[in-house]
**Q** 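Before I ask anything, let me first share the structure, which is written out below as structure tokens.
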Protein chains: 2
Amino acid sequence: MSAASAKRRSPCPVACGLDLFGDRWTLLVVRDLMFGAERFKDFAAAPEGIPTNLLADRLARLQSAGVVEPTAAADGSRHPAYRLTAKGKALYPVLAALRDWGLEWEKGTRTRG
Amino acid sequence: MSAASAKRRSPCPVACGLDLFGDRWTLLVVRDLMFGAERFKDFAAAPEGIPTNLLADRLARLQSAGVVEPTAAADGSRHPAYRLTAKGKALYPVLAALRDWGLEWEKGTRTRG
DNA sequence: TTTCATACTTTCAAAACGCAAGTAATTTAG
DNA sequence: CTAAATTACTTGCGTTTTGAAAGTATGAAA
């Protein structure tokens, strides 16, 4: 049995996704990556204010899940930078669906721009 | 300020959605409702094995969020039963996107049937 | 009516969270 | 070049949430 399936609660793709994204912060990191964030400070600067220990943990978990990979920073600095893999970019429909639901059903939510 | 916006981390619809669904169990309850589950035992029987205290908590939270509402059981019993509201049914695209992502990127996941 | 099933609630240890402070490496200012 | 500031974390610790188990009360069945 694989390492991933060993800790899997069921073969349900939804349950499996929640094993990775089932918390209040992980998908916000993915959201920020989709908007172009790439460095630690970028994620930390998001309005939700993720604690730095959780941010470090989430980036590590997303990396080991193959959703995020290290990259060179766009500005050439030697600070660590991160970007979505194909697996990570494939989460766009999930984010979009959640965004659309929130915009329609939760009063006062809005996109930036 | 409304009760909902008071505890909101940001006006982002994604963050707002995660305030409600950002845990490992809530969306599984919604999934089961979409598949026709309506009674406590139905949710408890799901393969993931949600602890009963968490199930009670999640059903209560989904109700107060207007995603789930009480209804009469289809078999006429007087046990409590639950169903999705319009707001809850509107989560279908979110579940579908998560399911599709899992099916494509997480080996060994599968739908039932 | 007594037995079983259902729908929870309670208890409690373990894990996760979140805030604050500390540290090491990188960048910038002078 | 050097000192100060920024960045990317890690560590500590009190609080909250989780999850496993057992307990209880009501509905259903025999």
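Convention: sequence-line order gives letters A, B, ...; per-chain numbering from 1.
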**Q** End-to-end bend of the helix from C/dT1-D/dA30 to C/dG30-D/dC1 (five-pair axes, 10° rounding)?
**A**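 Axis angle across the helix from C/dT1-D/dA30 to C/dG30-D/dC1, nearest 10°: 30°.
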**Q** Going through the checks in order, is the side chain to side chain contact (heavy atoms under 4.5 Å, CB included) test met by B/Asp42 and B/Asp32?
**A** CA-CA 8 Å; B/Asp42 297 331; B/Asp32 292 342; over 6 Å; no
**Q** For the residue pair A/Phe43 and A/Ala37, what are the closest heavy atoms and their distance?
**A**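 Minimum heavy-atom separation between A/Phe43 and A/Ala37: CE2-CB, 3.7 Å.
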**Q** Using a cut-off of 4.0 Å on non-hydrogen atoms, how would the nucleic acid contact of B/Phe43 be classed: base, sugar-phosphate, or nothing?
**A**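 Counting heavy atoms under 4.0 Å across all strands, no contact is made by B/Phe43.
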**Q** Which nucleotide span of DNA chain C, 5' end to 3' end, has atoms closer than 4.0 Å to non-hydrogen atoms of chain B?
**A**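 Endpoints of the contacted stretch of DNA chain C: C/dT6 to C/dT11.
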**Q** Measuring from B/Thr52:OG1 to B/Asp57:CG, what's the distance to the nearest 0.5 Å?
**A**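 With rounding to 0.5 Å, OG1 (B/Thr52) is 11.5 Å from CG (B/Asp57).
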**Q** Checking A/Glu38 side chain against A/Ala74 main chain: does a donor-acceptor pair fall under 3.5 Å?
**A**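 Judged by distance alone, yes, a pair lies under 3.5 Å.
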**Q** So which heavy atom on A/Pro51 is nearest to which on A/Trp25, and how close?
**A**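 Heavy atoms only, the tightest pair is CD-CZ2, 4.0 Å.
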**Q** Which sits closer to the 5' end of DNA chain C, A/Ser77 or A/Arg24, going by the nucleotide each is nearest to?
**A**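 Whichever sits nearer the 5' end wins; that is A/Arg24.
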**Q** Indicate the atoms forming the closest heavy-atom contact of A/Arg24 with B/Asp19, along with that distance.
**A**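 Scanning both residues completely, I find the closest heavy atoms to be NE-OD1, 3.8 Å.
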**Q** Is the charged tip of B/Arg112 near the ring of B/Phe35: under 6.0 Å from the six-membered ring centre and within 45° of its axis?
**A**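 Ring-cation test returns yes.
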**Q** Report the residue (A/Asn53 or A/Pro80) whose heavy-atom-nearest nucleotide on DNA chain D is the more 5′ of the two.
**A**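 The 5'-side residue here is A/Pro80.
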**Q** At a heavy-atom distance below 4.0 Å, which nucleotide of DNA chain D is the first touched by chain A, and which is the last?
**A**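 Going 5' to 3' along DNA chain D, contacts run D/dT7 to D/dG12.
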**Q** Could you walk me through whether A/Lys87 and B/Glu106 pass the salt bridge (Lys or Arg N to Asp or Glu O under 4.0 Å) check?
**A** CA-CA 10 Å; A/Lys87 185 178 180 180; B/Glu106 296 293 335; 3.0 Å; yes
**Q** Does any N or O in the side chain of B/Thr85 come within less than 3.5 Å of the main-chain N or O of B/Glu69, such that one atom is a donor and the other an acceptor?
**A**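 Not confirmed, B/Thr85 side chain does not pair with B/Glu69 backbone.
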**Q** For A/Thr109 and A/Gly102, indicate whether the former's side chain and the latter's backbone hold a donor-acceptor pair under 3.5 Å.
**A**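 Side chain of A/Thr109 to backbone of A/Gly102, a donor-acceptor pair under 3.5 Å: yes, one is there.
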